[in-house]
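Keep in mind that this is a model prediction, so the values were computed, not measured. Throughout, a chain's letter reflects where its sequence line sits, starting with A, and its residues are numbered from 1.
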Amino acid sequence: MRMTSPALYSAADEARATAREGASARMSFVLANLYVAMKRLHKSLDREEVIAAIEDVIATQIGSEDFAIFERESGGEPFLVSSSIGAGAARMPDTRLLEEVVEGGAVYGRAVASCDPPDAPAACIPLKVGERVTGLIVIHRLFPHKEGLNSLDLELCDLLADHAGVALYASALHARSTAEEQ
Amino acid sequence: MSRKKILLVDDSSTALLLTRLLLRSSPYEITTARNGREAVVFATLERPDAIVMDVVMPHMSGIEACKALRCAEATRNIPIILVTTRGDGETVEAGFTSGCNDYVTKPINGPELLSKLRDQLGE
């Protein structure tokens with residue numbers, strides 16, 4: 001009896017390989033974005049350059065031209081604008097959201113299918129040094145073609161929360177030690 | 001066979017670093033310029049196989065650079081993909097009027113950019 005050899009790869013194998021390739025490409029894309037953001041945030045100890053890097057990550061990687069960075073000296077003090085870009089940039093979010101983000105230390109981000117009020121910011125990101133919230137990034141609006149934050153944007157927001165505050169803090173320490181040396 | 005040369009043009013260090021990284025596994029040689037004026041000079045001298053250029057830049061915008069590249073014999077036929085923060089009809093129309101071949105919106109999506117580059121390079 002003549003035996004027919006089975007095909008080396010079935011259609012199901014090919015579909016699985018394509019799916020794995022797609023997942024791998026998506027993972028590489030996410031990791032590349034996180035690597036670039038991290039590298040930009042920690043490249044300099046100069047305060048102006050750190051602020052420029054934060055702005056660049058928000059504009060280029062998350063996609064917004066309407067946002068502000070706020071900082072405060074210590075726990076109970078008010079937040080002051082360190083940098084703002086766009087029309088409504090220096091506006092603070094409402095008290096409830098502000099308390100949620102500052103006291104909870106968690107990122108607020110409006111997802112693509114969100115029931116939040118349309119005037120709510122697209123994202124509110126606490127700037128943390130350890131457990132202490134030293135500042136905030138408020139992203140009022142995303143680029144017009146972006147309907148909301150996707151999973152990569154939320155990863156970038158988390159990265160900003162954990163690293164942007166530390167980068168600003170390191171730049172302040174550096175400025176202080178440089179001034180003392182002089 | 002020499003690798004095809006792609007010129008990336010953006011004033012943002014983040015955008016240049018990210019785009020370079022996203023195209024790292026592609027078979028292209030990547031070079032960069034920081035504004036439209038640098039891009040026109042580089043393209044005239046080096047004749048890249050394709051240009052990926054931001055729209056909003058200091059000194060010379062992507063739209064102005066695109067027009068300048070289309071006016072010169074040496075650079076007239078180089079495919080140009082504009083990178084814009086706005087995907088609305090007016091902005092896209094302005095890009096095509098200036099002579100670009102295609103566009104992508106920011107934030108850049110690596111696979112999308114690679115696919116458009118391949119299209120423009122006839123691959």
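- A heavy-atom distance below 4.5 Å is found between the side chains of A/Y35 and B/L21.
- Note: B/L18 CG to A/T60 OG1 = 8.5 Å, rounded to the nearest 0.5 Å.
- Heavy atoms closer than 4.5 Å to chain B are found nowhere in A/A25, neither backbone nor side chain.
- In terms of hydrophobic clustering, with Ile, Leu, Val, Met, Phe, Trp and Tyr side chains grouped at heavy-atom distances under 4.5 Å, A/V138 and A/F143 are assigned to different clusters.
- Both A/M38 and A/I51 are assigned to one and the same hydrophobic cluster, defined by single-linkage of ILVMFWY side chains at heavy-atom distances under 4.5 Å.
- Of the candidates A/E55, A/Q61, A/R40, A/K39, B/T14 forms a side chain to side chain donor-acceptor pair (under 3.5 Å) with just one, namely A/R40.
- Here the side chains of B/P107 and A/K146 are in contact, with some heavy-atom distance below 4.5 Å.
- Residue-environment remark: OH (A/Y169) stays at or below the threshold of 12 foreign heavy atoms within 6.0 Å.
- Each of B/V41 and B/L69 belongs to its own hydrophobic cluster when Ile, Leu, Val, Met, Phe, Trp and Tyr are linked at side-chain heavy-atom distances under 4.5 angstrom.
- Closest approach of A/F29 to B/G110, counting heavy atoms only: CE1-N, 3.4 Å.
- Crowding of B/R76 atom CZ: a count of heavy atoms from other residues, nucleotides or ligands under 6.0 Å exceeding 12.
- When all heavy atoms of B/T105 and A/H145 are compared, the closest pair comes out as CB-NE2, 3.5 Å.
- A donor-acceptor pair is defined here as one N or O able to donate and one able to accept, closer than 3.5 Å; no such pair exists between the side chain of A/D56 and the backbone of B/S12.
- Few gaps surround CD on B/E123; more than 12 heavy atoms of other groups in view lie less than 6.0 Å from it.
- Neither the backbone nor the side chain of A/L152 comes within contact range of chain B; no heavy atom of the residue lies under 4.5 Å from a heavy atom of that chain.
- More than 12 non-hydrogen atoms from other residues, nucleotides or ligands lie less than 6.0 angstrom from NZ of B/K5.
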